[in-house]
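Here the structure comes first, spelled out in structure tokens, and everything after it is commentary.
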Amino acid sequence: MQRIDKIITILRKNSADSSTALRYKKPFELLVATILSAQCTDERINKLTPGLFKKYKGPAAFAGANVAELEKDVRSAGFYRNKSRNIIGASQKIMKDFGGRVPENMEALLTLPGVARKTANIVLSSSFRKAEGIAVDTHVKRLSGRLSLSKANNPEKIEKDLMKIIPKKDWLDFNYLLVNHGRKICHARKPLCRECRLNHLCHSFGKMV
DNA sequence: CTCCCGATAT
DNA sequence: ATATCAGGAG
């Protein structure tokens with residue numbers, strides 16, 4: 001068994017809870033939630049999205065939203081000016097160019113304002129079960145470095161490295177497996193290496209503070 | 001490389 | 001009061 005397969009097997013075995021993941025009912029809701037989640041936690045987004053999606057029912061509603069009002073509605077997510085503009089812009093483009101549906105491929109998703117590869121990969125994998133890439137967020141970046149899965153600093157380079165070594169059947173789950181482990185054990189500042197189920201496979205074990 | 005920004009934990 | 005959290009665009 002390859003090292004990467006051992007890592008993924010162990011992570012699967014220990015990833016019972018997905019309680020911290022973004023909550024959504026439709027692809028469009030996941031898209032909006034993911035745009036909002038930039039630089040802030042999923043738990044915070046989950047607090048505001050139920051009310052948000054009750055007020056704005058879909059892309060048509062967001063496309064016609066008042067900017068100042070939407071800014072207030074998403075204020076608690078931080079970066080609320082950018083995020084409001086992006087959500088309205090993305091919604092308008094979805095209505096205009098994609099028939100009111102969230103596009104189901106990377107190239108089209110990347111044309112939406114506020115959507116780069118991380119957000120596109122989350123929507124593709126979680127909502128459409130399509131593996132065009134691997135979502136690299138701060139957790140994937142950090143853990144990939146510690147586990148020596150990639151030496152790169154740039155998220156896009158990290159993603160390319162991961163796509164070479166992660167079996168494609170695991171692409172859909174890889175992001176949340178690392179995110180869960182990052183949140184529970186492999187913290188940015190004080191990782192709990194002693195209780196980490198991966199420590200015997202980790203090149204950073206013993207090197208952390 | 002700089003700007004965009006609030007909530008929660010300590 | 002201060003640290004921590006954790007993407008995208010120009």
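FYI, side chains are in, hydrogens and waters are out, and symmetry mates aren't considered; it's all heavy atoms of this structure. In what follows, every chain begins at residue 1, and chains take the letters A, B, ... in the order their sequences are listed.
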For [X], enumerate each residue passing the side chain to side chain contact (heavy atoms under 4.5 Å, CB included) test, keeping only those at least two apart in sequence or located in another chain.
X	answer
A:Ala108	A:Phe98, A:Pro103, A:Asn105
A:Leu172	A:Ser125, A:Arg129, A:Ala131
A:Asn199	A:Cys196, A:Phe205

* Mind checking what makes salt bridge (Lys or Arg N to Asp or Glu O under 4.0 Å) contact with A:Arg44, not counting sequence neighbours? -> none
* By salt bridge (Lys or Arg N to Asp or Glu O under 4.0 Å) - contacts of A:Asp5 (at least two apart) -> none
* A:Phe62 and A:Phe28 aromatic ring geometry - parallel, tilted or perpendicular at 30°/60° bounds -> tilted
* Heavy-atom contacts under 4.0 Å between residues 33-40 of chain A and DNA chain C, which residues? -> A:Ala38, A:Gln39, A:Cys40
* To do: May I ask you to list the residues of residues 136-152 of chain A, by number, that have any heavy atom positioned under 4.0 Å from an atom of DNA chain C?
  => A:Asp137, A:Thr138, A:His139
Which atom pairs, one a donor and one an acceptor, fall under 3.5 Å between side chains of residues 114-124 of chain A and the rest of the protein, sequence neighbours left out?
unit_1, atom_1, unit_2, atom_2, d
A:Arg117, NE, A:Glu159, OE1, 2.7
A:Arg117, NE, A:Glu159, OE2, 3.4
A:Arg117, NH2, A:Glu159, OE2, 2.8
A:Asn121, OD1, A:Gly133, N, 3.4
A:Asn121, ND2, A:Arg117, O, 3.1
A:Asn121, ND2, A:Ile134, O, 3.3
A:Asn121, ND2, A:Glu159, OE2, 3.0

* How does the hydrophobic cluster around A:Leu192 look, that is, which other residues are in it when side-chain heavy atoms under 4.5 Å mark a link? -> A:Ile185
* Anything under 4.0 Å to a heavy atom of chain A counts; send over the first and last such nucleotide of DNA chain C, read 5' to 3'. => C:dT4 to C:dA9
Donor-acceptor pairs under 3.5 Å, side chain of residues 29-40 of chain A to any protein atom, not counting sequence neighbours: which ones?
unit_1, atom_1, unit_2, atom_2, d
A:Glu29, OE1, A:Lys25, N, 2.9
A:Thr34, OG1, A:Leu30, O, 2.6
A:Ser37, OG, A:Thr34, O, 2.9

* **A:Asp161/A:Lys151 ion pair, N-O < 4.0 Å** => no
* Which residue lies more 5' along DNA chain C, comparing A:His187 with A:Thr119 via nearest heavy atoms -> A:His187
* Asked: 5'-most contact on DNA chain C: A:Thr41 or A:Gly114, nearest heavy atom basis?
  -> A:Thr41
* To do: Strictly below 4.0 Å, heavy-atom distances to any atom of DNA chain B: list the hits from residues 74-96 of chain A, or just say none.
  => A:Arg75, A:Ser76, A:Gly78, A:Phe79, A:Tyr80, A:Arg81, A:Asn82
